[in-house]
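Okay, structure first, notes after.
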Amino acid sequence: MWILLVFVFMFSWHLLNAFSVSVPKEKYKARYGSNVTMECSFPVGEKLDLSALTVYWDKENKFLVKFVHGEEDIKIRNSNPRLRHLNDQLFKGKSLLHITNVKVEDAGAYRCLIGYGGADYKWISLTVKAPYRKIDQRIKVDPVTSEYELTCQSEGYPKAEVTWIRGEQDLSSKAIVTYSIGREKLFNVTSTLRINATANETFHCLFQEKDTGKNTTAQFVIPEKIEPRTYFGILAAVIFLGVILMFLCFRKKHVRTIDIEKNCLPR
Ligand SMILES: *[C@@H]1O[C@H](CO)[C@@H](O)[C@H](O)[C@H]1NC(C)=O
Ligand SMILES: *[C@@H]1O[C@H](CO)[C@@H](O)[C@H](O)[C@H]1NC(C)=O
């Protein structure tokens, strides 16, 4: 009996003294522009003794949070205004790092290191995704070859594949894609398809996210149009007919005025 009690006592004593940091979640995914709160927890016991607590957060060898003896390092805190350590949650045994307006550069491996009697640390990873939400589209006709030039452009992260389709036909191999790094490390993706097309034909460009396979789509309908050559042809024909008609009327005028009034003038 005594041996059992001693064993329980020893076991509890061990639990109280072994210090370890735990993470409810190791991997976070955040959308560009959203907020995220990453959590490390530690055992506080009865009541948190701030003077015995040390909290560090770092990423890529840079300190993000330094909280020692109940005080946060203000210089580090002010160096990134989008980051906030929620100090008021520490008494619950939670060290929370809140990031507002998440950017691509926030992605990476974060480490929380907590000292409270003992010391321990854990890694947390953050990935950031910016969906290709809005596609800018342009359509142009080459006046010489009368080929169409269809262009789709959008911004997001990570890199997206662009697919072009006409009905069931995949035209992607004919398209030219350019990638550039745009604002805030987002990819600026522009894809241009040059193709012969007839009026009312429908084309789609699809921006496909690599991990989910989700697509953002834009549609092109080739407009009805009068070819410049046809247009001038019709115009020339109309003018020609007009001239002939006038010529005939005026010629008749010399002959018989009454007839002309019958034939040429509106009644
Ligand atoms: C993100 O957090 C900021 C500040 O805490 C808040 O003003 C904003 O509304 C939050 N945005 C979202 C999308 O929750
Ligand atoms: C996105 O488009 C690609 C290419 O056409 C297709 O293979 C894929 O199934 C589409 N994904 C979804 C979720 O519809």
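These numbers come from a predicted model, not from an experiment. Just so you know, ligand 1 is whichever comes first in the structure, and atom 1 is the first atom listed for that ligand.
- Contact check for Val189 versus Val177: side-chain heavy atoms found under the 4.5 Å cut-off.
- The contact set between ligand 2 and Leu206, taken as ligand atoms under 4.0 Å from a residue heavy atom, comprises 2 (O).
- Regarding atom 6 (C) of ligand 2, its nearest protein heavy-atom neighbour is Asn215 ND2, 4.2 Å.
- Counting only N and O atoms by type, the side chains of Ser172 and Asp170 include a donor and acceptor under 3.5 Å apart.
- In terms of protein heavy atoms, atom 4 (C) of ligand 1 is closest to Thr100 CG2, 3.8 Å.
- Looking at heavy atoms from C-beta onward, Leu113 lies out of side-chain contact with Asp58 at the 4.5 angstrom threshold.
- For ligand 1, the polar-atom distance check finds no N/O of Ser34 at less than 3.5 Å from any of the ligand's N/O atoms.
- Remark: the backbone N or O of Glu155 is not paired with any side-chain donor or acceptor of Lys134 at under 3.5 angstrom.
- Between Gln208 and ligand 2, not a single N/O pair is under 3.5 Å apart.
- Atom 9 (O) of ligand 1 has its closest protein heavy atom at Asn35 ND2, 4.7 Å.
- Under the 3.5 Å distance criterion, the side-chain polar atoms of Arg166 are left unmatched by any main-chain donor or acceptor of Leu171.
- The shortest side-chain heavy-atom distance between Lys66 and Lys75 does not fall under the 4.5 Å cut-off.
- Protein heavy atoms come within 4.0 Å of atom 2 (O) of ligand 2.
- There is a protein heavy atom less than 4.0 angstrom from atom 14 (O) of ligand 1.
- Checking side-chain atoms of Asp120 against main-chain N and O of Val21 turns up a donor-acceptor pair under 3.5 Å.
- Annotation: Gly213 places an N or O atom under 3.5 Å from an N or O atom of ligand 2; distance criterion only.
- Within a 4.0 Å radius of atom 11 (N) of ligand 1, the protein contributes at least one heavy atom.
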